Structure formats: structure tokens, C-alpha cells
Protein chains: 2
Amino acid sequence: MGAIDRNSHEKRKSSPGPSGRIWIEGDEGTFLGYGRVVLLERIREYGSITKAAKSMEMSYRHAWELIDSMNRQADKPLIEAATGGKGGGGARLTDEGERAIKLFWKFYAEFQIFLKEQSKKITLNLN
Amino acid sequence: MGAIDRNSHEKRKSSPGPSGRIWIEGDEGTFLGYGRVVLLERIREYGSITKAAKSMEMSYRHAWELIDSMNRQADKPLIEAATGGKGGGGARLTDEGERAIKLFWKFYAEFQIFLKEQSKKITLNLN
DNA sequence: TACCGTAATATACATCAGGGAATAACGCTA
DNA sequence: TAGCGTTATTCCCTGATGTATATTACGGTA
């Protein structure tokens, strides 16, 4: 339920020291990033782009563009959406989407470890 | 002599795979980043904020703000500037600035290694 | 003292990513 | 068939960021 900033990056504590952002690049630019992956998870949770976007305080327009970007760059779509029908339609995370989520969080976790290691070295050198 | 983009991050090849940006956070936000460190080096080279900014295709105003931000957040100034005098004045990199440059490039180099390692793991998982 | 090139600073302008709102299409349900 | 909620798409507006431009301050030098 936490708010996500407008750049689709995680809110980071502004504690001095090494910091950074990571993402997975695709053919058209960013393929997977923190905000995108959280969006995927929210869609899995709510089954709706509209609800997922609202839960992140993100505009539907922006959410849709991110999903479209991911789907275009992936071999197979990460999200499959349907208009009309019961409840007006909805969206669902595919197996490919599930794999993308796992892939990114693994990368993300290793980066956090990397930053922590760097923090030890760098804070020593500051004074 | 290469052009630096407007966000003060290095121009990165858009090759698919793990990517990212790093910086060193200070009390007011970014303290050292790629663009800032290149700016420091250019000032060391030219002895002038004006010339350093031009060489990076950066506005003087922006360059000055970056320098001011770094100087305010560091224990001792990284850049010392003088108005008037021979040649109208100039700017010079301090020893503290020299250390900041080394510190950042070390961090940067280790991050490149980290990305390369991650690339091996991730490209394997894509197909 | 006049000149010079730079630092320092303020103001106006341009650009652009994203938000908000409006609208159409869709297909199940009652 | 009418209603519903969602996806999909378009247009306009705003806020933030950086550029461009102009002006002043400065202190050596000729």
C-alpha cells in the first residue's frame, strides 16, 4: 500500500553513502524496473490494471504504458488483459510475468548486498 | 570530449540486460554521481567552471549548482573558485576533490564488475 | 583608471514526462 | 436490450528541470 514515487523507483531512505538504481534493459529502453515489477505484482493481486494503478497512486495511463512496454519487449506477454465480460474485463499475470518478477527480485537482492558491501568500504574513507 | 546527457548520467549503450546507475548520497540528496565527477575532472583540466561546463555541453548555471551542492555537502570544498584577478578568475580542484574523484571511480568500477557478473546469470535465464 | 574574463546571480523561456479527464470499445449479465 | 466496469486511446494541462540570456561583482593587468 506504500506510495511509489513518480519515477517508478522505490522510495529510498536518503541516508548518506553509496546508493543506486538498477533495471533490466530491453530493446526499447527499460524492460523491468522496480516500479514495473511492483505493478506486475499488484495486477496479480487485484486482477485489474485500474485497481493496481490506484493502489500505487499511479495513473491508469502510465500503468498501461508500462505494461504495453513490457509486453512488447518480452518474448511472450507478461500481462494478458481482456475488455468487456464479467466485471467489465480484467488483467492477469502470465507465467512469463511470474518469471520476470522472480528474475528481477533476484537481481535486486544481489544489488542490495553489493551496496551494503560498498557502504563498509566507503564510509571508512570519508573521514 | 563526449557529450553528457542532461541527467548527468553517462550515456549507456542500450544493450539488453542488467543495467543501472550509482551515486553517493549526501545530506541533501546526491553528493557524487557520474556527471558530477566528470565535471570535477574537467575543472581540474581547464581551471574554469565556464570552460568545463562548455566541454560537457552543460549550462554554466547547472554546473555551478552541482559544484555548490558538492561543496555544501562535503566536509571541505571540492572546488575553490575565485572571481576577478588574472584571467578574470578561475576554479581549482582541491585535494578533497581529488579524493572524491578517486573514491567514486572505485565504486563505479566495482559496479561495472557487478553488472557484468549479473549479465552472465540473467541472459541465461531469458530463453 | 579602464579593461578583461571569469564567477555569481536573477529572470524568462523551452522541453518533456506524467496526471487528469473524457470517450469509445468490449462482452458478460440481468 | 440496457447496464456495468474494465480496457484502450486521445487530448489538454501542469510541474519540474534545465537552457538561454542578461547583469553585476570581482580583482589582477596594462
Side-chain angles (χ1 to χ4, degrees), chain A residues 3-9 11 21 23 28-30 33-36 38-40 42-72 77-94 97, chain B residues 3-9 11 21 23 28-30 33-36 38-40 42-72 77-94 97:
Chain A
I4 301 293
D5 76 19
R6 86 187 63 249
N7 292 319
S8 296
H9 311 133
K11 276 246 183 288
R21 286 178 41 216
W23 63 88
E28 310 174 3
T30 302
Y34 186 95
R36 289 171 184 237
V38 171
L39 178 60
L40 292 179
R42 298 290 172 97
I43 291 173
R44 175 177 59 189
E45 181 180 359
Y46 295 109
S48 155
I49 298 175
T50 300
K51 293 197 181 98
K54 280 212 176 80
S55 80
M56 295 174 68
E57 295 173 3
M58 176 186 290
S59 67
Y60 174 88
R61 178 179 173 274
H62 187 44
W64 186 86
E65 284 171 348
L66 295 180
I67 294 167
D68 189 50
S69 166
M70 288 187 275
N71 279 348
R72 274 186 285 106
L78 308 188
I79 295 289
E80 281 176 350
T83 80
K86 177 182 179 182
R92 110 174 216 293
L93 185 70
T94 67
Chain B
I4 300 293
D5 75 19
R6 86 187 63 250
N7 292 319
S8 295
H9 311 134
K11 278 244 181 285
R21 286 177 43 217
W23 63 89
E28 309 174 3
T30 302
Y34 186 96
R36 290 171 184 237
V38 171
L39 179 59
L40 293 179
R42 297 292 171 97
I43 291 174
R44 175 177 58 189
E45 180 179 359
Y46 294 109
S48 154
I49 298 176
T50 300
K51 293 196 182 97
K54 279 211 178 79
S55 80
M56 297 174 67
E57 295 174 1
M58 177 187 290
S59 67
Y60 174 88
R61 180 178 174 273
H62 187 44
W64 186 86
E65 284 171 349
L66 294 180
I67 294 167
D68 190 49
S69 167
M70 288 187 275
N71 279 348
R72 275 186 286 104
L78 308 188
I79 295 289
E80 281 176 352
T83 80
K86 177 183 181 181
R92 118 176 207 289
L93 185 70
T94 67

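Remember, it's a predicted structure, so these values are computed and weren't measured experimentally.
The CD-P distance, from B/E80 to C/dA8, rounds to 11 Å in whole Å. Spacing between atom CD1 of B/I49 and atom C1' of C/dT9 amounts to 13 Å, rounded to whole angstrom units. The interatomic distance linking A/W64 (CH2) with C/dG19 (C1') rounds to 16 Å, in whole Å. In this structure, A/N71 atom CG and D/dT7 atom P are separated by 13 Å, rounded to whole Å. Residue B/I43 contributes atom CD1, which lies 11 Å from atom C1' of C/dA7 at whole-angstrom precision. At whole-Å resolution of the value, CD in A/E65 and P in C/dC16 are 16 Å apart. The OH-P distance, from B/Y60 to D/dG18, rounds to 17 Å in whole Å. In this structure, the CG atom of A/L66 is 14 Å from the P atom of D/dA8, given to the nearest Å.
Listed pair A/K51 / D/dT6 meets the phosphate criterion, a side-chain N or O lying under 4.0 Å from OP1 or OP2. The phosphate of C/dG19 (OP1 or OP2) has a side-chain N or O of A/S59 nearer than 4.0 angstrom. Note on A/T50: a side-chain N or O is less than 4.0 Å away from OP1 or OP2 of D/dT7.
Evaluated for a side chain to side chain contact (heavy atoms under 4.5 Å, CB included) with A/I49, the options A/L66, A/L39, A/I67 yield exactly one hit, A/I67.
Here the nucleotide nearest the side chain of A/R61, chosen from C/dG19, D/dT7, D/dA8, is C/dG19.
Of the two residues near DNA chain C, A/T83 and A/A63, the one whose nearest nucleotide lies more 5' is A/A63. Heavy-atom distances to DNA chain D give each of B/K86 and A/A91 a nearest nucleotide, and the one nearer the 5′ end belongs to A/A91.
Within the 4.5 Å cutoff, no side-chain heavy atoms of A/E45 are placed close to those of A/S55. Looking only at side-chain heavy atoms (C-beta outward), A/L40 and A/R42 stay at 4.5 Å or farther from each other. For the pair A/N71 and A/L78, the minimum side-chain heavy-atom distance is below 4.5 Å.
Considering all non-hydrogen atoms of both residues, A/M56 and A/G35 come closest at CE-O, 3.6 Å.
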